[in-house]
Amino acid sequence: MDLKLNYLAVPSVQEIAKEGLKSVPERYVRPHHDRPIMSSTTKPLPQIPVIDLSKLLSQNLKGPELEKLHYACKEWGFFQLINHGVRCSLVEKVKRGAEEFFDLPLEEKKKFAQRGDHEGYGQLFVVSEEQKLEWADMLFVTTFPPQRRKPHTFHSIPFPFRFSSFFLSSLFLPAT
């Protein structure tokens, strides 16, 4: 079931940054109590959790890796996945495709604008004129499973990026 909310359109951060601002607009500045605490000590910073997919798939090594995965999701909200079997060249093609998309003129990117849901170009979950915004533009596209793809985004994306993204998602198809 798709939940439809009315998200507000906001200006492109890339376009705002091109204006040669002297400071970040107030709408993008978080209150002090919401900002990350930066350490001034010389202690090493914590490392992003690394999860080994080959261990998760191994009967003998699964337990400790599942614990690491649980910790990473609960405490960090993200992790780096290694030994996933995706060729570096494919990952690089997807990254290059994303860079090419964000290098398009604004009018071209607007063709992929979000339309009542999170899918497309814009920002996520902007529901009020007062809320603080992320200093980033994004393109959210569902590639897997194929029946969840939205025609206004997936089928309109420039071919090299769409193909690389499709191929990447097809690596995770369940075995039949």
Side-chain angles (χ1 to χ4, degrees), residues 1-41 44-51 72-81 86 88-144 146 148-169:
M1 178 177 123
D2 286 333
L3 181 61
K4 298 287 183 194
L5 296 174
N6 292 324
Y7 297 125
L8 302 176
V10 295
S12 162
V13 171
Q14 280 183 303
E15 298 302 309
I16 293 171
K18 288 178 185 176
E19 295 173 7
L21 303 172
K22 301 281 187 237
S23 63
V24 175
E26 189 60 33
R27 189 152 185 213
Y28 297 90
V29 178
R30 303 254 178 231
H32 286 285
H33 65 273
D34 282 350
R35 295 181 190 173
I37 299 169
M38 303 302 289
S39 174
S40 60
T41 67
L45 294 174
Q47 297 297 303
I48 294 172
V50 176
I51 304 300
C73 292
K74 183 178 173 187
E75 299 298 325
W76 283 74
F78 59 92
F79 52 87
Q80 177 185 1
L81 186 66
V86 178
C88 290
S89 61
L90 179 57
V91 173
E92 288 304 314
K93 281 183 186 177
V94 172
K95 283 172 45 179
R96 212 170 25 257
E99 289 169 357
E100 289 171 5
F101 175 83
F102 283 100
D103 286 343
L104 289 172
L106 180 60
E107 291 309 311
E108 284 297 306
K109 289 184 283 201
K110 282 184 174 180
K111 292 177 183 176
F112 306 97
Q114 295 164 330
R115 298 181 185 173
D117 64 9
H118 61 276
E119 191 117 351
Y121 172 72
Q123 285 206 18
L124 278 180
F125 311 118
V126 180
V127 295
S128 109
E129 294 293 337
E130 291 79 40
Q131 89 182 70
K132 295 295 184 183
L133 301 176
E134 299 296 329
W135 186 249
D137 295 326
M138 58 147 265
L139 174 65
F140 188 98
V141 180
T142 300
T143 61
F144 183 78
R148 301 278 319 254
R149 294 180 187 151
K150 302 275 193 311
H152 83 274
T153 51
F154 186 79
H155 297 297
S156 303
I157 295 172
F159 181 73
F161 183 43
R162 180 180 42 173
F163 178 75
S164 299
S165 301
F166 167 75
F167 189 76
L168 184 61
S169 70

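P11 and Y28 make their closest contact through O-OH, 3.9 Å (heavy atoms, listed as atom of the first residue, atom of the second, distance). Residues I48 and Q80 share a closest heavy-atom pair of CG2-N, 4.1 Å.
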Problem set entry | Check against side chain to side chain contact (heavy atoms under 4.5 Å, CB included), K93 and V91 | CA-CA 5 Å; K93 281 183 186 177; V91 173; over 6 Å; no
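A distance-only check finds a donor-acceptor pair linking the side chain of K132 to the backbone of E26 [under 3.5 Å]. With hydrogens and angles ignored, the 3.5 Å screen pairs a side-chain donor or acceptor of Q14 with a backbone N or O of F102. Side chain of Q123 to main chain of A136: a donor-acceptor pair is present (N/O by atom type, distance under 3.5 Å, no hydrogens or angles). Formation of a donor-acceptor pair under 3.5 Å by the K109 side chain with backbone atoms of F101 is not found in this model. Panel note: side chain E108, backbone P105; no donor-acceptor pair is recorded below 3.5 Å.
Atom CD1 of I16 sits about 8.0 Å away from atom CG of D137, to the nearest 0.5 Å. A distance of 9.0 Å separates CG of L139 from OH of Y121, quoted to the nearest 0.5 Å.
Crowding of L21 atom CG: a count of heavy atoms from other residues, nucleotides or ligands under 6.0 Å exceeding 12. Counting non-hydrogen atoms of other residues, nucleotides and ligands closer than 6.0 Å to CD of E75 gives a total above 12.
Considering only heavy atoms from C-beta on, W135 comes within 4.5 Å of P25 through its side chain. Residues E100 and R96 meet the side-chain proximity criterion, which asks for heavy atoms closer than 4.5 Å.
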